[in-house]
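Beneath this line is the structure, given in structure tokens, with notes to follow.
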Amino acid sequence: MDSVLHYDIVIVGGGAAGLRAAIAVAEADPQLRVALVSKVYPMRSHTVSAEGGAAAVARADDSLEAHAYDTVKGSDFLGDQPVIQYFVERAPEELVRLEHWGCPWSRNDDGTVATRAFGGMTTKRTWFATDKVGFHILHTLFQTSLRYERIERLDEHFVTKLLVQDGRCGGVAALDIRSGETRAVLGRAVILATGGGGRAWPFTTNGAIKTGDGMALAYRAGLALKDMEFVQYHPTGLPGTGILITEAARGEGGHLKNAEGERFLITRDYGVGQKAELGPRDMISRAITQEIAAGRGVSLPGKTGEFAHLDLRHLGAAKIDSRLPFVRELARTYIGVDPVHEPIPVRPVLHYMMGGVDTDIDGATQIAGLYAAGETACVSLNGANRLGSNSLTECLVFGARSGAHSAAHVREADAPPEAALVESARAAEAELEALRGRQGGGETVAQLRDAMTRAMEEGTGVYREQAGMRRAAAQIAELGGRFAQLRLQDGSRVFNTEITAALELRNLLDVAAAVTVAAAERRESRGAHACSDYPERNDGEYLHHSLVRLGDSGPVFDKKPVELGIWEPEERKY
């Protein structure tokens with residue numbers, strides 16, 4: 001271990017949550033040295049793909065109480081209400097701050113910020129910049145971070161291990177993808193902000209980099225992953241690719257129709273009432289799935305499976321081009337459909353993970369000096385189902401809070417002994433070199449990954465049943481054992497993508513294990529967890545958070561109370 005780098009705070013992940021945390025540290029104390037460690041150049045972080053908007057109260061007909069209630073109800077009463085209250089209070093100031101930093105929010109004719117409707121929201125509270133919101137937010141945060149000389153980037157560094165000693169986190173071991181060297185990146189606090197793990201499923205909106213890295217790092221360090229059974233299927237993914245057609249398309253007035261041309265969300269009882277296409281994502285995904293099962297799905301030449309239609313034709317070219325230009329571009333490029341003239345074929349697609357590393361409201365974990373924010377974390381904002389457009393704001397609000405609290409922590413905390421941290425990094429380096437040397441026959445990354453994604457699709461889809469979830473958990477456990485027989489063909493050191501693919505696969509298998517174990521333990525239907533054999537919500541037995549830790553012989557299940565507040569659980573209908 002020739003390379004040991006010293007910082008005050010190490011942030012893993014260069015997307016919205018990580019960048020906002022870095023800026024918050026710099027604002028709190030300009031003297032602190034911050035390492036922003038990312039396996040990709042920050043502008044390639046998955047935040048850039050978000051399209052629809054970011055939620056915060058901005059209109060006279062809205063209120064913080066209404067935003068909080070919508071979020072509580074959307075979570076199917078599994079969100080922690082003190083967290084939700086804090087979130088809605090801080091959301092407007094974060095979006096205004098982005099404006100001051102240069103984010104080009106779309107405007108109404110009178111100059112006020114434009115807002116659009118999103119599913120599960122009682123009013124238009126989703127701020128947008130046409131339909132490229134993530135692109136503009138990420139650019140704004142990245143450019144703002146460049147103002148601070150003490151924020152130093154370690155691009156294309158893959159973190160393989162958290163360095164923990166005596167219950168304190170003192171840095172990370174990171175593979176420099178460009179050189180093949182492992183570095184010990186030391187700091188008195190670490191913030192995980194690596195996003196979700198949607199690539200554990202075969203049909204997903206998530207880019208190839210979303211492999212649950214931060215979740216798996218925390219899991220292997222002994223921390224609990226919380227509420228992992230709750231994964232969100234977005235109703236409108238493009239067939240074949242999984243590319244997202246943003247909820248903004250429905251927020252602007254798009255209609256979902258079946259093969260008979262029927263707006264089934266209005267004509268049939270799927271629990272969304274008059275909200276129709278603006279119902280929550282979990283409910284609409286289930287409605288599309290039921291329409292297909294009832295034989296009313298749309299079939300397309302050359303495409304396997306059946307779909308629904310998203311019809312924007314009545315909006316007209318002018319509105320589509322001004323409000324949804326990226327939707328038109330995606331549909332034309334990837335499915336050969338111009339939404340001005342034809343409906344877009346769509347089907348539910350794995351999109352987001354409500355679960356993650358168990359943190360408190362400050363982003364702190366049970367390991368001193370270790371924090372998490374954004375989709376990597378489960379601060380318990382989203383509960384069993386996230387409302388669209390809350391996630392980008394969550395990255396800002398809790399990225400800022402974790403950054404500020406980590407800065408306060410390092411002013412008081414001593415670092416663990418450096419020699420022990422470096423020794424731990426050497427162990428990570430040796431493990432990586434052993435993986436690099438596994439050449440010849442045996443398991444391949446592709447074989448294991450394909451088997452994993454099949455197991456997850458069959459066991460943890462839009463609808464689930466107990467036997468299928470237990471079977472998936474057993475299959476994932478078996479694949480975890482087979483990972484030890486992995487053989488690699490590429491023994492090189494420079495930009496060895498087979499090595500990084502193997503590391504990502506290991507992380508995904510850990511995430512998948514937590515998801516399937518937690519899912520099999522929840523014998524009810526709540527939010528995105530819809531069990532065919534337990535169709536009702538059961539507050540008497542299951543109004544609790546799920547926790548999964550890595551024990552000596554595999555995943556260990558536990559639970560934790562939900563923090564209720566002024567709203568008691570009620571039937572979730574719209």
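Throughout, residue positions are numbered sequentially from 1 according to the sequence presented.
Considering only residues two or more places apart in sequence or on other chains, E51 meets the salt bridge (charged side-chain N to carboxylate O under 4.0 Å, His left out) condition with none of them. Every ring pair (Phe, Tyr, Trp, His ring centres under 6.0 Å) that Y41 has, sequence neighbours left out, goes to F142. Checked against side chain to side chain contact (heavy atoms under 4.5 Å, CB included), A189 has the following partners two or more places apart in sequence or in another chain: I9, Y371, S406, H409, V410. Partners of K210 under the side chain to side chain donor-acceptor pair (under 3.5 Å) rule, at least two apart in sequence or in another chain, are E375. Shown here are the ring pair (Phe, Tyr, Trp, His ring centres under 6.0 Å) partners of H351, two or more places apart in sequence or in another chain: H234. Applying the side chain to side chain donor-acceptor pair (under 3.5 Å) rule to N108 yields the partners T112; only residues at least two apart in sequence or on another chain are considered. In this view, W101 satisfies the ring pair (Phe, Tyr, Trp, His ring centres under 6.0 Å) rule with no residue, not counting sequence neighbours. Evaluation of the side chain to side chain donor-acceptor pair (under 3.5 Å) rule for T246 yields no partner, not counting sequence neighbours. Here T47 pairs with A16, L138, L392 under the side chain to side chain contact (heavy atoms under 4.5 Å, CB included) rule; sequence neighbours left out. Here E329 pairs with nothing under the salt bridge (charged side-chain N to carboxylate O under 4.0 Å, His left out) rule; sequence neighbours left out. Residues passing the salt bridge (charged side-chain N to carboxylate O under 4.0 Å, His left out) test with D358 are K226, K560, sequence neighbours excluded.
Of the inter-residue distances, the one linking N258 atom CG with E262 atom CD reads 4.5 Å to the nearest 0.5 angstrom. Taken from OG in S45 to NZ in K39, the straight-line distance is 10.0 Å, to the nearest 0.5 Å. One finds the CG atom of L312 at 6.5 Å from the CG atom of L324 (value rounded to the nearest 0.5 Å). Taking CG of D362 as the reference point, atom CZ of R401 lies at 4.0 Å (rounded to 0.5 Å).
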L78 vs M354, test: side-chain contact (heavy atoms from CB on, under 4.5 Å). Steps then yes/no. CA-CA 11 Å; L78 205 74; M354 275 70 77; over 6 Å; no
For side-chain contact (heavy atoms from CB on, under 4.5 Å), just list the numbers for V37 and V10, CA-CA rounded to whole Å, side-chain angles, deciding distance to a tenth of an Å, and then say yes or no. CA-CA 7 Å; V37 186; V10 179; 3.8 Å; yes
Step by step, work out the side-chain contact (heavy atoms from CB on, under 4.5 Å) result for Y270 and M283. CA-CA 7 Å; Y270 286 115; M283 291 182 167; over 6 Å; no
List the steps, then state whether side-chain contact (heavy atoms from CB on, under 4.5 Å) holds for F87 with E94. CA-CA 10 Å; F87 166 76; E94 282 295 326; over 6 Å; no
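Here the side chain of T376 pairs a donor or acceptor atom with the backbone of T194 at under 3.5 angstrom. In this structure, the side chain of R20 does not engage the main chain of A17 through any donor-acceptor pair within 3.5 Å. With hydrogens and angles disregarded, a donor-acceptor distance shorter than 3.5 Å links the side chain of S106 to the backbone of T130. Without hydrogens or angle criteria, E252 side chain to R323 main chain gives no donor-acceptor distance under 3.5 Å. Panel note: side chain K275, backbone M121; a donor-acceptor pair is recorded below 3.5 Å. Judged by distance alone, the side chain of T393 and the main-chain N or O of A55 form a donor-acceptor pair under 3.5 Å. Side-chain atoms of S38 come within 3.5 Å of backbone atoms of V40 as a donor-acceptor pair (strictly under, hydrogens ignored). Using modelled atom types, no side-chain atom of S145 and backbone atom of L19 make a donor-acceptor pair closer than 3.5 Å. Checking side-chain atoms of E152 against main-chain N and O of R33 turns up no donor-acceptor pair under 3.5 Å. Within the 3.5 Å criterion, the main-chain N or O of G53 finds no donor-acceptor partner in the side chain of S389.
In this structure, R97 places its CZ atom where more than 12 heavy-atom neighbours from other residues, nucleotides or ligands lie under 6.0 Å away. In this structure, Q366 places its CD atom where only 12 or fewer heavy-atom neighbours from other residues, nucleotides or ligands lie under 6.0 Å away. Within 6.0 Å of the CG atom in D110, the count of heavy atoms belonging to other residues, nucleotides or ligands exceeds 12.
Seen from the ring of Y352, R281 does not count as a face-on cation partner, given the 6.0 Å and 45° thresholds.
Side chains of T122 and K73: no donor on one and acceptor on the other come within 3.5 Å. When only modelled atom types and interatomic distance are considered, S546 and E229 share a side-chain donor-acceptor pair under 3.5 Å. Using modelled atom types and a 3.5 Å distance limit, the side chains of Q232 and N385 yield a donor-acceptor pair.
Note: Y542 and H544 meet the aromatic proximity criterion, with ring centroids under 6.0 Å apart.
For the side-chain hydrogen bond (donor to acceptor under 3.5 Å, both in side chains) criterion with D227, the lone passing option out of H545, H529, R522 is H545.
Using a 4.5 Å cut-off on side-chain heavy atoms (C-beta onward), P325 and D131 make contact. Put simply, the side chain of P343 reaches to within 4.5 Å of the side chain of R313, judged on heavy atoms. In this structure, the side chains of Y86 and F398 come closer than 4.5 Å at one or more pairs of heavy atoms.
Residue pairs that meet the ring pair (Phe, Tyr, Trp, His ring centres under 6.0 Å) test with at least one member in residues 9-37, sequence neighbours left out, do not exist here.
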